[in-house]
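In what follows, chains are A, B, ... by sequence order, proteins preceding strands, each numbered from 1. Note that this is a predicted model, so its numbers are computed, not measured.
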Protein chains: 2
Amino acid sequence: MATERKSALEEKDGVLQPDTINTSYIEKLKSKRHKQPSTEDLISGILKGDITALSRAITIIESKNPAHFEKANTLVTNCLPHANNSIRIGITGVPGVGKSTFIEVFGTHLTGLGKKVAVLAVDPSSSLTKGSILGDKTRMEALVKDPNAFIRPSASGDSLGGVARKTRETIILCEAAGFDTIIIETVGVGQSETAVHSMVDFFLLLKLSGAGDELQGIKRGIIEMADLIAINKADGENLRSAKIAKLEFNRALHLYPKKSSDWQPIVLLCSAIKNEGIGAIWEQIQEYTLLVSENDYFQKKRSEQNKFWLIQTIEDHLKSNFFNNKEIKIALEIQLQLIEDHKTTPFAAADYLLGLRFEV
Amino acid sequence: MATERKSALEEKDGVLQPDTINTSYIEKLKSKRHKQPSTEDLISGILKGDITALSRAITIIESKNPAHFEKANTLVTNCLPHANNSIRIGITGVPGVGKSTFIEVFGTHLTGLGKKVAVLAVDPSSSLTKGSILGDKTRMEALVKDPNAFIRPSASGDSLGGVARKTRETIILCEAAGFDTIIIETVGVGQSETAVHSMVDFFLLLKLSGAGDELQGIKRGIIEMADLIAINKADGENLRSAKIAKLEFNRALHLYPKKSSDWQPIVLLCSAIKNEGIGAIWEQIQEYTLLVSENDYFQKKRSEQNKFWLIQTIEDHLKSNFFNNKEIKIALEIQLQLIEDHKTTPFAAADYLLGLRFEV
C-alpha cells in the first residue's frame, strides 16, 4: 500500500504512488449500502411492476446466505396474495432443438398480444462459472429489450430440489409483479423435466423434425407429460420428414390413456426461425386453458402441485437427514457388501440401519 | 355338554348325547403341535426340496405375528447362500388377457423341459376374504398337479411394500428349494407392476389381440418396462387384428431409447389356449439370459434391485414414521389449508412441519 510518509530523516520526496484503494468506489458502495431498499420497498416495488425491485427480490430468494432466508420468506409471503393470476408454461427439448429461438419468437408473439411474459429456467447443472441455459441472453435479443418481457437465468444450486424451490418462489414474485404468462424452460437434465412439469399448467415438448431414428432419443416419460408436441424447424427440406414425425408422435400419444385434464395432447409443426406456426401453438394453449378452467382441472392441478411440493420437500429432508448421517453412511456400505455376499437381505439390512437411529 | 350322570335320584337313563368336543381332533392338534418342525428342520427340508417344508416356511414369512419375525429372518438368512440360481420372470396383463391360462401352459412347457417352476403372485388388493389372483387354483389344474411346479397365492398385506417384501423373501426360499424358474404374476393394481419389475430379471407383458382402441388401455410406463410383449389369444378370427397390434406395439417400442441391458424388446403372438407360440417366448427369454449373462447386466441388475429395496424400505419407514405422527397429521391439514388460502407456500409449510420434529 502506498502512503505519503513525513519524517525528519527524509531526504527526498518519493514519487506518489497511485492509491490502490479506489476511494470513490468505496463511497459508491457505501451510498449503495445505505440505499439498499428495505423488504417493504421491494414488495411495494414488485406490486407496482418495478423490474429492478423484482430482480433484487429474486436475488435475495436465490441467496445462500442464511441472513437472507427470513427476508426471502417475507417477500414471498407478501407477494402470495397477488400471485397465481397467470398461465405457467413449461418448455422442454433436447439441446439443438431451438429452444432459445422458439422462446424468443413465442415470447415476442405474446407481448405483441399485450401479454407480460416472464421467462425463467430450471437447470440444476448451471452455476455461476458454467453459465445456464438463459445465461447467454444474446440469444434472445429482441425479448431482452422488450419492456413487457422479463428474462431470468436459472438459479444455481447444488440440488434440483433447491433450484426448484427458488424457481417456484420466483414464479410467485413474477406473478405479483403483473406477469401473466410465465415460461419455464428446462433442458432434459436428470429429473428437471419432472420438476418443471410439477410447477406448470401446460407442458410443451419441442422436437426436431426428422423421422425414424430421430424419434429414438425421447427420454422415458416425457411424451406422456406433454400437452403439446411442437416439431420445430419444420421448414424447407425438413418439412416432409416433419410431417412424418407428426404422424408418429400422434400415434405415440394415442398409446396413452386419456389425461385427467380431459385434454387430448396434439402435435403441431412450427418453424421458430421463420415465425411459422407460433400463433397456432398459442391458440392451443388458450383452448387448453378454457377447457381446464371450465372443468376445474386448472385449480385442482395447482392444488395438487402445492401438495406435491410440500410432501416432496419434507421427504427430501427426511432422506438427506438419514442418509447423510455419518454413522449411517458407514453402516450402509457394510450392509450393501453383506447383501452382495448373500449374507443378508435388503429388508434385514434396512431393519438394521433403521434400528441405529430409531426404535423399530 | 352331555355327560353320563349317576345319581340316586335318577329314574331313567337319559339318551347319550354326542360329544360336542371332538377329542380325537384335539389329540391330533396336540400331536401336530408337538410335531411342529423346528426352524432347522424347515431349512434342511427346503434345501432337500421338500415342498411341505417350503410351504410352512413361507407361511412363517407371511405371518403378521411378531413372534414369527425372528424365525422368518433365520429361515431367509440360511436359505440365502443357496438362492439366486434362477431366472425370475415377471408376468403382467390386464384381467381378461388370459394370464392364468398362459402361466398354466407356459409353466407346463417349462416343467416338460425339466425345469422346476415356482409361480408366485404380487397382489396387494388380495386378502383372505377376497382371495388373490392365484387363489383359484382350479384355473391351473395341470400345473397344480405337476410335481415340478409350486404355486403360491399372493401374500396378503396392507401395503404393497409389505407384500413385496414377503414375495422377495419367498423367492429366496423357492430358489433354495431348487426352483430354477420363478414366475411372478401381477395384475395392474397401483404400483404392483413397478414392484414386480424391481424383483425380476425379465418382464413379460401380456396383451390381448385387437388393434386401435384396445391399445389405449396401457398403463403409463408399462410398455417401457417390458422385455417382451406377447399378444395372447392370437388365433382364429383374432389373428388379423393381433398382427396389426404387433405392428403398433413394435412401433411403440421403438419410441423408447435402448435399454441398459442392450436388449431390444420384441413383440410375439401366442395363443395359450391352443398352446401356440409358447416355445418361442421361452426361446426369447433364453436369448435374453444369454445376452445379459455375457454383458454382466444380469448380476448388475440384481445388485441394483437389492440396493433399490434396501433404500426403498428405509424411505418407506422414514415417511410413515413422520407422516403417521399424530401432531404432524393435524399440523399438516392446517398447513395445506393455509396453502390453499395463499397464506403460505409449500416450502415454508414444509420447513414449519419439519421444525416440529427436527431442528431445521
On a heavy-atom basis, which atom in [X] and which in [Y] lie closest, and how many Å separate them?
{"X": "B:Arg165", "Y": "A:Ala348", "value": "NH2-N, 4.1 Å"}
{"X": "B:Ala350", "Y": "A:Ile314", "value": "CB-CG1, 3.8 Å"}
{"X": "A:Leu318", "Y": "B:Lys319", "value": "CD1-CA, 4.2 Å"}

Inset, instruction - Have a look at B:Leu310 and tell me which of A:Leu332, A:Thr345, A:Thr344 forms a side chain to side chain contact (heavy atoms under 4.5 Å, CB included) with it. - result: A:Leu332
Legend entry - Side chain to side chain, A:His342 and B:Asn84, heavy atoms closer than 4.5 Å: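 Yes, their side chains come closer than 4.5 Å.
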Legend entry - Flag side-chain contact, heavy atom, 4.5 Å: A:Gln312 against B:Pro346: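 A:Gln312 vs B:Pro346: side chains apart.
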Return the [atom1] to [atom2] distance between [X] and [Y], rounded to the nearest 0.5 Å.
{"X": "A:Asp351", "Y": "B:Thr313", "atom1": "CG", "atom2": "OG1", "answer": "8.0 Å"}
{"X": "A:Phe347", "Y": "B:Ile172", "atom1": "CZ", "atom2": "CD1", "answer": "8.0 Å"}
{"X": "A:Glu315", "Y": "B:Phe323", "atom1": "CD", "atom2": "CZ", "answer": "5.5 Å"}

Inset, instruction - Sort A:Asp341 into side chain, backbone, both or neither according to what part of it lies under 4.5 angstrom from a heavy atom of chain B. - result: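 Answer is neither: A:Asp341 stays 4.5 Å or more from chain B.
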Would you mind writing out the side-chain donor-acceptor pairs for residues 68-83 of chain B within the sub-3.5 Å range, not counting sequence neighbours?
residue: B:His68; atom: ND1; partner: B:Ser63; partner atom: OG; Å: 2.7
residue: B:Thr74; atom: OG1; partner: B:Glu70; partner atom: O; Å: 2.9
residue: B:Thr77; atom: OG1; partner: B:Asn73; partner atom: O; Å: 2.6
residue: B:Asn78; atom: ND2; partner: B:Thr74; partner atom: O; Å: 2.7

Legend entry - Any residue of residues 302-309 of chain B which, by heavy atoms, sits under 4.5 Å from chain A: B:Ser303, B:Asn306, B:Lys307, B:Trp309
